Number of protein chains: 4
Amino acid sequence: MDHKIPAPCRRERIMAAARAVFARCGFDKARLDDIAAAASVAKGTVYWHFRDKATLFCCVAEDMVSRDLAATLHASSQSLSAVQCLNSLLEVFLKRLVSVHEESGSLVFELWSSAGTSVPGIGEFLLQAHKRWRDAIKRILEDGRNRGEFSARLDLDATASLIMATLTGTIVNLRFGGLDERSRLDNIRQRLLLAVQAW
Amino acid sequence: MDHKIPAPCRRERIMAAARAVFARCGFDKARLDDIAAAASVAKGTVYWHFRDKATLFCCVAEDMVSRDLAATLHASSQSLSAVQCLNSLLEVFLKRLVSVHEESGSLVFELWSSAGTSVPGIGEFLLQAHKRWRDAIKRILEDGRNRGEFSARLDLDATASLIMATLTGTIVNLRFGGLDERSRLDNIRQRLLLAVQAW
Amino acid sequence: MDHKIPAPCRRERIMAAARAVFARCGFDKARLDDIAAAASVAKGTVYWHFRDKATLFCCVAEDMVSRDLAATLHASSQSLSAVQCLNSLLEVFLKRLVSVHEESGSLVFELWSSAGTSVPGIGEFLLQAHKRWRDAIKRILEDGRNRGEFSARLDLDATASLIMATLTGTIVNLRFGGLDERSRLDNIRQRLLLAVQAW
Amino acid sequence: MDHKIPAPCRRERIMAAARAVFARCGFDKARLDDIAAAASVAKGTVYWHFRDKATLFCCVAEDMVSRDLAATLHASSQSLSAVQCLNSLLEVFLKRLVSVHEESGSLVFELWSSAGTSVPGIGEFLLQAHKRWRDAIKRILEDGRNRGEFSARLDLDATASLIMATLTGTIVNLRFGGLDERSRLDNIRQRLLLAVQAW
DNA sequence: AATGAATGAGCATTCATTCAT
DNA sequence: AATGAATGAATGCTCATTCAT
């Protein structure tokens with residue numbers, strides 16, 4: 001039909017389509033037909049590139065998390081002081097939530113709910129992803145403690161977990177808070193920095 | 001067949017069974033047959049009491065949230081000072097997460113993911129529930145500010161949102177944090193109290 | 001609830017409700033719940049008065065046909081000449097189709113379609129009903145032939161069948177003819193009389 | 001499994017099977033499983049070719065009516081005089097009723113009963129089909145009137161409706177008349193011709 | 001007589017997956 | 001690589017019928 005679609009980008013087209021459909025419908029309600037249609041590809045083609053629906057979902061998830069993590073770490077790596085570093089990380093994390101991938105928001109909830117039921121392997125994947133994020137934060141905190149920017153008694157693990165919780169919970173707030181929490185993201189970032197410096 | 005099941009508690013049996021199955025399988029993967037079987041009831045009986053699967057899910061959700069909210073508010077209402085009050089609220093909230101309803105944990109993720117896709121009306125319900133929680137916290141904060149326990153400049157809305165975010169994020173941490181975060185719940189509570197008093 | 005419904009007319013209420021619902025929905029699509037509701041009666045009550053759905057349908061059918069047949073025969077019995085007699089029969093038959101029981105129209109189609117599939121016994125019933133109608137017509141024709149009003153060579157059976165066919169087909173025309181055939185019923189009657197006298 | 005079934009005729013196989021099953025069981029009682037089995041096809045295949053049960057039914061109906069109408073018109077188009085033409089039409093119509101499609105008989109009753117209840121769109125379809133038949137008859141009558149074969153005062157619409165009624169009613173007679181009306185079909189045809197020429 | 005909760009067989013429809021081309 | 005027709009297991013929901021009260 002459309003001879004305009006170059007073969008090599010088929011896989012990417014499918015993943016983009018899948019990301020959109022999974023975000024809109026959730027894993028279970030997403031239909032392979034819709035994904036194929038959204039990618040302007042026959043259903044069989046999806047199966048040539050991905051073993052099955054769950055695998056496709058995992059690929060999409062991995063891709064999304066990798067991009068988010070890379071972008072965040074890159075931003076924070078530009079800074080010199082640990083405080084600036086943490087500030088950048090928070091800023092980028094929160095910004096991405098509302099701008100770059102509006103889709104990500106929905107997908108995260110799908111990831112959480114599909115862990116353990118719909119998609120085998122997602123649970124493990126989420127543990128890894130969570131650890132990657134927390135370790136990144138922990139490293140910054142450790143660095144700051146070594147440089148004297150943070151208290152010597154700062155509990156690295158506990159603090160990193162608490163920051164993760166707040167960031168994660170903000171995702172939920174953005175969706176189900178009712179208020180327009182977007183305008184309060186800067187406020188959240190500043191308070192977190194204050195709190196860390198106080199602990 | 002089984003003449004042992006007293007008629008009047010049929011509805012409750014079904015809701016309990018549904019809660020368990022929804023928590024284990026998620027909304028989409030949960031089969032009405034399994035719920036009926038778990039309730040030792042014929043499938044038709046479920047439909048006599050609940051219009052459809054989505055309605056059953058909503059009833060279970062509403063019941064769960066109401067119980068959690070009531071228990072939390074009751075606990076915090078026993079205290080005199082706002083700090084104690086907030087402390088109780090946090091304590092009960094976090095305790096319930098890990099003990100009373102282990103099921104609740106899973107169900108919350110289902111609720112989040114089903115909003116907007118699988119179950120019409122859940123989105124609205126979650127907004128209401130979120131508001132109920134946040135308002136409860138806000139009231140305590142306001143009370144504390146009036147009594148001079150908290151800073152006069154304390155931003156009630158922002159702080160309530162931040163506390164909600166942290167509590168909510170802790171639910172996620174407990175599930176996907178990898179570490180055994182349960183042992184750190186007390187730590188989280190204490191830090192939150194400290195932070196609130198500092199803001 | 002309503003203590004105003006006298007018990008003795010329960011059976012009649014149910015039959016009236018059933019006639020309406022069967023006419024509106026057809027046998028298969030008619031739900032016992034709807035019939036019971038329309039009769040302001042509990043579902044179990046329907047089963048106390050009628051063995052099952054098919055039996056209820058048969059009772060309704062028998063009642064309807066009996067009434068129609070009785071009314072028609074009564075009308076034609078008032079006349080003296082066979083021509084007048086036949087005229088009355090046709091007139092009443094056609095009039096009832098469009099006025100007295102608008103419901104009858106729909107029910108007849110249901111009867112026809114349910115014969116042999118949905119409702120055992122309906123086929124036999126329809127044969128009997130058809131025979132009763134045709135015999136009534138045949139008797140009038142025979143009477144007229146004996147009196148010299150019709151040709152001595154008039155084939156009683158064939159003519160009766162033909163009249164039945166025309167009357168029956170008119171029911172179909174009224175429903176699926178598109179045109180408003182009601183205004184043409186008199187015309188049909190007159191032509192039939194003319195034709196019979198010519199044969 | 002069975003590699004003996006050529007792919008291209010799948011759709012036709014399904015329609016033939018559906019026609020048989022619908023004729024035997026009626027629309028509501030017909031099971032998609034039976035239709036699929038009768039067509040030696042998986043149930044999903046039926047849904048690949050037809051949106052749903054109702055659509056399949058409509059397709060079968062349309063096909064049947066089209067074939068019947070085409071055959072009848074073809075036959076009558078061979079004749080020169082209007083009387084012969086009408087004679088042919090009646091002959092073929094009546095012959096098809098009892099020979100070519102014994103199935104048609106049952107299906108017609110299903111069509112009538114499903115109009116307005118079970119199958120949306122069938123009512124409209126029947127109106128169209130009825131009109132097509134009546135118009136064909138009307139055209140022949142008009143032709144005959146112009147040629148002087150019929151009375152100049154012949155009411156085309158009324159006569160066409162009456163002929164339709166008689167033919168339609170004969171379908172009913174054949175099924176519920178009790179007598180073996182098949183032997184009388186010629187008689188009916190001749191009488192109708194006589195009557196038309198007399199009107 | 002009447003009620004209405006409970007039952008469970010039945011069925012249309014969906015959709016992930018396969019495979020011949 | 002790609003297609004899309006074919007498959008068939010899976011499942012939500014309906015509704016006639018029963019029965020304890």
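Keep in mind that this is a model prediction, so the values were computed, not measured. Lettering of chains follows the sequences in order, A, B, ..., and the numbering in each one begins at 1.
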C:D34 and C:R24: CA distance, side-chain angles, deciding distance, salt bridge (Lys or Arg N to Asp or Glu O under 4.0 Å) verdict: CA-CA 11 Å; C:D34 290 341; C:R24 187 172 62 248; 5.6 Å; no
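- Using a 4.0 Å cut-off, some side-chain N or O of A:R10 falls inside it from OP1 or OP2 of F:dT3.
- Summarising the geometry, the separation between CD1 on C:I14 and P on E:dA1 is reported as 12 Å, rounded to the nearest angstrom.
- A sub-4.0 Å separation between OP1 or OP2 of F:dG4 and a side-chain N or O of A:K43 is absent.
- Both A:G44 and C:W48 lie near DNA chain E, and the one whose nearest nucleotide falls closer to the 5' end is C:W48.
- Note: OH (A:Y47) to P (E:dA20) measures 17 Å, nearest angstrom.
- Annotation: F:dT21 and E:dA1 have their C1' atoms spaced 13 Å apart (nearest Å).
- For the pair A:R13 CZ and F:dA1 C1', the computed distance is 15 Å after rounding to whole Å.
- You'll find the ring centres of C:F109 and D:F109 outside the 6.0 Å limit.
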Apply the test side-chain contact (heavy atoms from CB on, under 4.5 Å) to residues A:L56 and A:I35: give CA-CA distance (whole Å), side-chain angles for both, the deciding distance (0.1 Å), then the verdict. CA-CA 10 Å; A:L56 175 56; A:I35 292 172; 4.1 Å; yes
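- If you check F:dA1 for Watson-Crick or wobble pairing at under 3.5 angstrom, you find it has no partner at all.
- Spacing between atom CG of A:D33 and atom C1' of E:dT17 amounts to 11 Å, rounded to whole angstrom units.
- Taking atom CG of A:L32 as the reference point, atom P of E:dT18 lies 11 Å away to the nearest angstrom.
- In this structure, the side chain of D:S66 engages the main chain of D:E62 through a donor-acceptor pair within 3.5 Å.
- As judged by a 4.0 angstrom heavy-atom cut-off over every strand, C:A54 is placed among residues making no nucleic acid contact.
- Taking atom NZ of C:K29 as the reference point, atom P of F:dA16 lies 11 Å away to the nearest angstrom.
- Using a 4.0 Å heavy-atom criterion, one finds that B:A30 contacts the sugar-phosphate atoms exclusively.
- Under the 30°/60° scheme for interplanar angles, the aromatic rings of B:F57 and B:F22 are found to stand perpendicular.
- Minimum atom distance to the side chain of A:H49 is reached by F:dA2, of the listed E:dA6, F:dA2, E:dT3.
- Of the nucleotides present, F:dC15 is the one that pairs with E:dG8 by Watson-Crick or G-U wobble criteria, both distances under 3.5 Å.
- Across the protein-nucleic acid pair, C:D28 atom CG and E:dG10 atom P stand 16 Å apart, rounded to whole Å.
- Between E:dT14 and A:R31, no contact under 4.0 Å exists linking OP1 or OP2 to a side-chain N or O.
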Yes or no on side-chain contact (heavy atoms from CB on, under 4.5 Å) for D:F50 and D:M15, after CA distance, side-chain angles and deciding distance? CA-CA 10 Å; D:F50 302 91; D:M15 283 186 62; 3.5 Å; yes
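- Along DNA chain F, the nucleotide closest to D:V46 and the one closest to B:D52 are compared, and the more 5′ of them pairs with D:V46.
- Taking the nucleotide of DNA chain F with the nearest heavy atom to each of D:T45 and B:F27, the more 5' of the two is matched to D:T45.
- Look at CZ on D:R51: it is 17 Å from P on E:dA12, rounded to the nearest Å.
- With F:dG12, F:dT17, E:dG4 as the choices, the nucleotide that has an atom nearest any side-chain atom of C:K53 turns out to be F:dT17.
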